[in-house]
Amino acid sequence: MGMKTIYYKMKPQRLKGQLFLSMLVLIICPLIVLSVYLFNEFEVALQDKIVAQSSKGLDQVQQSTEDLMSLVYKTLVMVQNDSVTYDVLTMPENYNVLERIDLLEQVLKNIDNSIFLFNSQMVYYTLLDFHGNVYTSFQPEEMLDYNKLRSENWAQQLSAERPYMWIANDPNYVSRNISGSKHLLTLSSTMRDTSNRPFSLARISIDYDSWFRTFVRSDEEHQYYIIDKAGTLVSSFNSELVLEPDVLSFFPTTSEKGGFYFDQGTDSLINYRSIPQLEWYFVDVIPRKVLFHEVYVLKIRFFSIFIAFIALFIGINMFISYKFTKPLTVLEKKMSSIVKQNLKLTIPERNYSGEILQLIRSFNQMSTDMNTMVKLLKDEQKQRELVHFQMLLSQINPHFLLNTLNTIKWLAIRKGDKDIPDICVSLGNILETSLHAEAELIFLKDEIKLVEDYLLIHELRYNDGLDVEYEYSSVMDYTLVPKLSIQPLIENAIIHGIAPLKGQGTIRIRIFTRDKLLFIEIEDDGVGIAEQSVKQRGRSRKGIGLQNLKDRLHILFKEDGKLEVIPLEQGTLVRMQLPYLLSRPYERS
């Protein structure tokens, strides 16, 4: 089944259905597609904007972390270069215990306040000299044990080749009354003097959970996490939500330092940045329902209003189409029944207005015109039948006349008469042409031949007292003219013009074209119309030849067929006008 067949089967047959289908295809569907496209574009633009804002926040977190690590390292250098610290850690015997603790606390406090300002309570120092002494700036969770501390990983992994290292997830060793975080960010190092000789071990830890909570806030729109390279959740920054395993499993497989992607499991946008030194990823999770919540609400409102508008629009258009198609339905029914009522049917105009009223008026006018036209056609048909009847009357049984003429011709030939056979042949040609009633138009050359046959009869009658002149071009030989249309004019000129004369008479036959019309003029120098009219007043039978020809011309050519009689000073001019019709075979030749 072709597409065209499917289209015609689905196409509504009624105008109302076609109007609705056009409105659906050309207006409603494009509006829906355009609206969906614009909302999608708006969501993409909003997503890009939120991703840009989230990336900016993560970049700030990344920069702050790097700045924090730089400050911690700077603190380590300052502690290492401090002379009081050096004296206390290298020569503890010069001070008693309280003096050493007091001196180191003062040094650390001054350094801490000068670098970390108001966040010094989040920085924890641990110093181990090589004389079995431990110094801290905080209250530890457990009793300090020098040998235990020296055996821990952060102290054991330090060496000449590795003078310092960062520990991203150092278990929290500070009293829970001070810090409730599970892990600390720690920088451990071997402190050395100017001769590069180690004189102490130092551990500086940051409570990064407390640190980042001061400027990173997880909320419904942005949920921040720290995930390490192994895919372990390090911190959730006040977020109580648990990350899906699919999100955590992404980070061990990626080598990108930053980017974003959509996680189908959580239906969220995942934006992340890495801290290579710590092998951490700062992650911002933005739920899609929050990301596009405003767009979703706006979309619901828009499409609710849009559907209401479309429903109203459809209702109005259906009402208008009903008002428009109802008169058409009336017209359809009226036109179906107009034939049954002989075209005599009109529609009342009082119930309509505007264009519909004009349409109704046009229909009524058409019905009236059709009635008039039918009447004219009937009258014309009656006239045609009358003319045909008159032609039949004028034939007077031509078969009998032809047989009679043939008999006369052979009798005259037997007796040796030469004129009578010629007359019989000419008259026979004329009668034989009249037999072909179905052929209304003939070639001009054939019509001229009939005229010549007719004139031959009269020339013998008038003993060469009749002179006939022809003025026309041979190009017109195949012009179509009504059959036996020139002969009646010649007959009229001879009988009513030349015959009453006592001397020689002349008939001129002129044929010419002008403005796509053919003109045939028959001019005689006979007695004229006025004298002949006086002689015909007493005739009981009026001539019907010219009137018959006028009727034939009107039936054949309407307004282009005319016949006029023009009186002259000497004689009469009869002019016949008809369309110039040149036979196609003649045109091709």
Side-chain angles (χ1 to χ4, degrees), residues 65-66 68-80 85-86 88-90 92 104 108 111-112 116 121-193 196-212 225-236 248 251-252 274-282:
T65 304
E66 292 176 351
L68 177 62
M69 294 171 65
S70 177
L71 289 176
V72 172
Y73 187 79
K74 185 178 179 180
T75 303
L76 174 64
V77 174
M78 294 180 67
V79 172
Q80 179 178 273
T85 304
Y86 179 77
V88 172
L89 295 177
T90 57
L104 288 178
L108 294 176
I111 294 175
D112 195 26
F116 296 101
Q121 68 273 17
M122 301 179 187
V123 183
Y124 312 109
Y125 299 90
T126 302
L127 301 177
L128 279 71
D129 61 16
F130 294 148
H131 302 282
N133 300 311
V134 179
Y135 307 94
T136 63
S137 63
F138 58 89
Q139 179 181 349
E141 179 69 14
E142 299 177 355
M143 183 68 67
L144 294 176
D145 185 340
Y146 180 84
N147 293 326
K148 182 180 180 181
L149 291 175
R150 284 295 300 265
S151 63
E152 290 180 355
N153 289 334
W154 68 270
Q156 291 293 320
Q157 293 178 6
L158 294 174
S159 62
E161 291 77 16
R162 193 176 187 182
Y164 72 94
M165 66 177 183
W166 285 99
I167 303 173
N169 298 320
D170 192 17
N172 191 355
Y173 51 82
V174 182
S175 172
R176 293 294 180 263
N177 295 328
I178 301 174
S179 172
S181 302
K182 293 182 180 180
H183 298 90
L184 301 174
L185 174 60
T186 297
L187 172 63
S188 62
S189 176
T190 300
M191 294 194 296
R192 298 174 181 272
D193 59 16
N196 200 29
R197 289 176 301 184
F199 66 88
S200 177
L201 298 180
R203 179 175 64 178
I204 304 176
S205 299
I206 300 292
D207 187 350
Y208 58 85
D209 264 357
S210 299
W211 173 274
F212 287 119
Y225 302 87
I226 295 179
I227 300 174
D228 62 18
K229 184 64 177 177
T232 303
L233 180 62
V234 177
S235 178
S236 59
L248 296 174
F251 295 97
S274 69
I275 306 295
Q277 300 93 323
L278 305 177
E279 294 186 341
W280 277 359
Y281 287 97
F282 288 101

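We number each residue from 1, following the sequence as shown.
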Shortest non-hydrogen contact between [X] and [Y], atoms and distance:
{"X": "Asn169", "Y": "His183", "answer": "O-CD2, 3.4 Å"}
{"X": "Tyr208", "Y": "Leu184", "answer": "CE2-C, 3.6 Å"}
{"X": "Tyr281", "Y": "Ser274", "answer": "CE2-CB, 3.5 Å"}
{"X": "Leu128", "Y": "Thr126", "answer": "CD1-CG2, 3.6 Å"}
{"X": "Ser159", "Y": "Arg192", "answer": "O-NH2, 4.2 Å"}
{"X": "Leu158", "Y": "Pro163", "answer": "CD2-O, 3.7 Å"}

Rounded distance [0.5 Å steps], [atom1] in [X] versus [atom2] in [Y]:
{"X": "Ser151", "Y": "Tyr146", "atom1": "OG", "atom2": "OH", "answer": "11.0 Å"}
{"X": "Asp207", "Y": "Lys182", "atom1": "CG", "atom2": "NZ", "answer": "13.5 Å"}
{"X": "Lys74", "Y": "Ile111", "atom1": "NZ", "atom2": "CD1", "answer": "11.0 Å"}
{"X": "His131", "Y": "Thr90", "atom1": "NE2", "atom2": "OG1", "answer": "6.5 Å"}
{"X": "Lys148", "Y": "Glu142", "atom1": "NZ", "atom2": "CD", "answer": "4.5 Å"}
{"X": "Thr65", "Y": "Ile226", "atom1": "OG1", "atom2": "CD1", "answer": "6.5 Å"}

When the ring planes of Phe138 and Tyr124 are compared, do they come out parallel, tilted or perpendicular, using 30° and 60° as the limits?
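Judged by the thresholds at 30° and 60°, the geometry between Phe138 and Tyr124 is perpendicular.
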Going by the angle between their ring planes, with limits at 30° and 60°, are Tyr86 and Phe199 parallel, tilted or perpendicular?
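Judged by the thresholds at 30° and 60°, the geometry between Tyr86 and Phe199 is perpendicular.
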Any donor-acceptor N/O pair, [X] side chain to [Y] backbone, under 3.5 Å:
{"X": "Gln80", "Y": "Asp193", "result": "no"}
{"X": "Gln139", "Y": "Ile178", "result": "no"}
{"X": "Tyr73", "Y": "Leu68", "result": "no"}
{"X": "Ser188", "Y": "Arg203", "result": "no"}
{"X": "Ser70", "Y": "Glu66", "result": "no"}
{"X": "Asp129", "Y": "Gly132", "result": "yes"}

Minimum side-chain heavy-atom gap [X]-[Y] below 4.5 Å:
{"X": "Tyr135", "Y": "Leu108", "answer": "no"}
{"X": "Leu201", "Y": "Leu127", "answer": "no"}
{"X": "Pro198", "Y": "Phe130", "answer": "yes"}

For the pair Leu185 and Ile167, evaluate side-chain contact (heavy atoms from CB on, under 4.5 Å) and give the outcome as yes or no after the intermediate values.
CA-CA 6 Å; Leu185 174 60; Ile167 303 173; over 6 Å; no
Leu76 and Leu187: side-chain contact (heavy atoms from CB on, under 4.5 Å), yes or no, with the steps?
CA-CA 9 Å; Leu76 174 64; Leu187 172 63; 3.9 Å; yes
Would one find more than 12 heavy atoms of other residues, nucleotides or ligands at under 6.0 Å from atom CD of Gln157?
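Check passes, neighbour count above 12.
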side-chain contact (heavy atoms from CB on, under 4.5 Å) between Thr186 and Ile204, intermediate numbers included
CA-CA 6 Å; Thr186 297; Ile204 304 176; over 6 Å; no
Aromatic contact between Phe251 and Trp280, with the criterion being ring centroids under 6.0 Å apart: yes or no?
no
Pair Ser179, Asn172: side-chain N/O donor-acceptor within cut-off below 3.5 Å
yes
Residue pair Leu89, Met191: steps toward the side-chain contact (heavy atoms from CB on, under 4.5 Å) verdict
CA-CA 10 Å; Leu89 295 177; Met191 294 194 296; 3.6 Å; yes
